Each structure stands twice: as C-alpha cells, then as structure tokens.
Amino acid sequence: MNIEILELKEEHIAPYKVENFLFKMIKENYNLDYVPSYHYDIKNLYKYYIEPPENNFYIVIDKESNKLIGTSGIRSYDKNYNLNNRKYNKNDTATLYRLFVEKDYRHNKIATQMINIIENFCKNKGYKEIYLHTQKNSYGALPFWLKQNYNIIYDTLNNLGTVHMEKIL
C-alpha cells in the first residue's frame with residue numbers, strides 16, 4: 001500500500017472532494033446527514049483547520065489511485081463541557097475531529113500513523129492534552145482509542161454510546 005499523509009491545503013479541498021468524503025464517512029459510520037450544529041467545520045475547512053496556526057487537518061491519499069482514503073483534524077478546544085471537573089481550555093487542550101479511514105483501507109495502521117502525526121503536531125504547539133469524543137457503537141472506535149492510550153473520562157450512557165476521552169501528552 002502506497003499512501004501519503006498530507007496537511008490539508010486550500011488547493012486540496014476541491015480536487016479531493018474532502019467535504020463529500022467526510023459526509024460519506026459520517027453517513028456510513030453514524031447514519032447521519034448534515035447537522036449544522038455538528039458539522040459546521042466541514043462546511044468551512046479553511047476557517048477551522050487551515051487558517052488558524054494552532055489547528056491542522058490531514059488527508060491520506062492512496063498514491064496509486066490518487067484517491068482520498070482518510071482524514072483527521074485537530075483544533076484548539078472550543079467547547080464548554082464540564083466533564084468530571086476537567087479544566088480544558090484553548091491554550092492547553094487540542095480536540096481531535098473527523099478521524100476516518102475508508103472501509104477497504106482499514107486495519108493497515110493508517111489511523112495510527114495519523115494519530116502519531118497529530119500528537120507530534122500538538123506537542124510542538126504546546127498542547128498538554130488531547131480531548132475527543134467517540135461512540136461505542138462506531139465500528140472499532142473505542143478499542144482503537146484505548147489501544148492508543150486515550151482514557152475514558154466520561155461515559156454519557158446515552159443512546160449513541162458517546163464517550164469522552166483524553167490523552168495527556
């Protein structure tokens with residue numbers, strides 16, 4: 001397998017149809033269509049991931065087919081969750097978003113490679129921890145994050161199976 005992980009640039013968005021890929025992955029993994037309060041960042045990748053120097057977004061390209069096969073994004077923390085008295089803030093906490101790998105490419109350590117790149121980016125930017133949330137019902141998600149040494153900090157016990165996780169860097 002010949003892949004390349006790139007930092008997303010504005011000139012990649014249209015040719016690789018990044019927005020379409022993300023919505024396809026969301027539909028396949030969560031059976032959701034566009035929800036403005038959840039997916040506003042996808043509609044403006046430049047504003048949320050490319051423009052701010054403390055944020056980034058990565059795409060994975062299959063070099064043989066020149067096809068987009070994976071994504072992951074990192075942003076400074078911008079929520080106001082109160083999760084077991086955690087004191088997350090935009091200077092110390094990064095939030096991981098939109099980690100997807102096309103079904104036919106899974107189990108090839110692509111997501112692990114992206115996580116290594118993201119964690120190095122976060123360390124270089126001075127973040128002290130990475131926050132994320134995932135769903136227990138999403139294929140392979142929770143075991144993957146646990147294997148990457150992310151810890152569950154709050155289980156919502158909701159119908160989506162949402163768990164909040166963190167990793168101290």
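Please read all numbers here as calculations on a predicted model, not as lab measurements.
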#### Entry: Any Q113 side-chain heavy atom under 4.5 Å of I3 side chain
yes

### Close side-chain approach of L169 to Y127, heavy-atom, < 4.5 Å
yes

## Note on the structure
Distance col, row E129:CD vs T95:OG1, nearest 0.5 angstrom, shows 9.5 Å

### Query
Would you say the side chain of I42 lies within less than 4.5 Å of the side chain of I26, judging by non-hydrogen atoms?
yes

### Task
Give a yes or no on whether Y38 and V163 share a hydrophobic cluster (residues Ile, Leu, Val, Met, Phe, Trp, Tyr; joining criterion: side-chain heavy atoms under 4.5 Å apart).
no

### Closest contact, heavy atoms only, N89 versus Y77
O-CB, 3.7 Å

### Task
Could you pull out the closest heavy-atom pair between S138 and N29, with the gap in Å?
OG-OD1, 4.2 Å

### Message
Strictly distance-based, threshold 3.5 Å: is any side-chain N or O of N137 a donor or acceptor partner for the main-chain N or O of Q135?
### Response
no

### Summary
Rounded to the nearest 0.5 angstrom, the CG-CD distance for N151 and E166 is 7.0 Å

### Main-chain N/O of A94 paired with S76 side-chain donor or acceptor, under 3.5 Å
no

### Task
Could you state whether I61 and F100 fall into the same hydrophobic cluster, counting links through intermediate Ile, Leu, Val, Met, Phe, Trp or Tyr residues with side-chain heavy atoms under 4.5 angstrom apart?
yes

### Query
Under the ring pair (Phe, Tyr, Trp, His ring centres under 6.0 Å) criterion, do Y81 and Y154 qualify, and how do the steps go?
CA-CA 11 Å; Y81 300 140; Y154 182 67; 9.4 Å; no

### Task
May I ask you to decide whether E7 forms a salt bridge with K9, counting only side-chain N to carboxylate O separations under 4.0 Å?
yes

### Message
I want to check something: taking the side chain as every heavy atom from C-beta on, are I152 and H164 in contact at a cut-off of under 4.5 Å?
### Response
no

### Message
Using a 6.0 Å distance limit plus a 45 degree cone around the ring axis, check whether K43 lies over the aromatic ring of Y34.
### Response
yes

### Query
Going by atom types only, do N66 and Y16 share a side-chain donor-acceptor pair under 3.5 Å?
yes

### Message
Quick check: closest heavy atoms across K17 and L68, and the distance to 0.1 Å?
### Response
O-CD2, 4.4 Å

### Summary
Closest non-hydrogen contact found for L96 with L132 is O-CB, 4.0 Å

### Query
Can you tell if the side chain of T134 reaches within under 4.5 Å of the side chain of W145, non-hydrogen atoms only?
yes

### Query
Out of curiosity, does V35 fall in the hydrophobic cluster containing Y97 (side-chain heavy atoms, cut-off under 4.5 Å, transitive links)?
yes

### Query
Looking at residues at least two apart in the chain, or sitting in another chain, which of them share a side chain to side chain donor-acceptor pair (under 3.5 Å) with D62?
Y105

### Query
Would V18 end up clustered with I110 when hydrophobic side chains under 4.5 Å apart are linked, directly or stepwise?
no

### Message
Please determine whether side-chain contact (heavy atoms from CB on, under 4.5 Å) holds for the pair L146 and M165, giving the CA-CA distance in whole Å, both sets of side-chain angles, and the decisive distance to 0.1 Å.
### Response
CA-CA 9 Å; L146 293 171; M165 305 182 81; 3.8 Å; yes

### Task
Would you kindly confirm whether F23 and L45 end up in one hydrophobic cluster when ILVMFWY residues are joined by side chain heavy atoms under 4.5 Å apart?
yes

### Task
Can you spot which of I59, V60, D104 makes a side chain to side chain contact (heavy atoms under 4.5 Å, CB included) with I69?
V60

### Task
Kindly write out the residues that satisfy ring-ring contact (aromatic ring centres under 6.0 Å, His included) with Y30, not counting sequence neighbours, or none if the list is empty.
none

### Task
Measure up the Y131 and H133 rings against each other and bin them: parallel (under 30°), tilted (30 to 60°), perpendicular (over 60°).
tilted

### Message
Nearest 0.5 angstrom please: M25 CE to K103 NZ, how far?
### Response
8.0 Å

### Query
Within a strict 4.5 Å, meaning less than it, do heavy atoms of the I115 and F144 side chains meet?
yes

## Note on the structure
CG (N44) and NE2 (H39) are apart, to the nearest 0.5 Å, by 15.0 Å

### Message
Are there over 12 heavy-atom neighbours, none belonging to K79, within less than 6.0 Å of that residue's NZ?
### Response
yes

### Task
Would you give the length of the straight line joining atom SG of C122 to atom CG of N55, rounded to the nearest 0.5 angstrom?
9.5 Å

#### Entry: From CA spacing to verdict: side-chain contact (heavy atoms from CB on, under 4.5 Å), K136, L160
CA-CA 8 Å; K136 291 184 274 188; L160 295 173; over 6 Å; no

#### Entry: Lys/Arg N to Asp/Glu carboxylate O, D33 vs K27, below 4.0 Å
yes

### Message
Are the side chains of E54 and I74 in contact, using a 4.5 Å heavy-atom criterion?
### Response
no

### Query
Could D92 and K87 be called an ion pair, given the rule that one side-chain N must be under 4.0 Å from one carboxylate O?
no

### Message
Taking the side chain as everything from C-beta on, heavy atoms only, tell me whether I50 gets closer than 4.5 Å to I13.
### Response
yes

### Task
Apply side-chain contact (heavy atoms from CB on, under 4.5 Å) to the pair D78 and K90, showing each step before the final yes or no.
CA-CA 6 Å; D78 62 359; K90 67 179 183 162; over 6 Å; no

### Query
Atom CD1 of I118 and atom OG of S72: how far apart are they, to the nearest 0.5 Å?
3.5 Å

### Task
Taking only Lys NZ, Arg NE, NH1 and NH2, and the carboxylate oxygens of Asp or Glu, determine whether D41 and R75 approach each other closer than 4.0 Å.
yes

### Query
Taking F57 as the fixed residue, which of F21, Y48, Y49 is the one that meets the ring-ring contact (aromatic ring centres under 6.0 Å, His included) rule?
Y49

### Task
Let me see the working for L99 and M114 under side-chain contact (heavy atoms from CB on, under 4.5 Å), right down to the final yes or no.
CA-CA 8 Å; L99 178 69; M114 283 193 287; 3.3 Å; yes

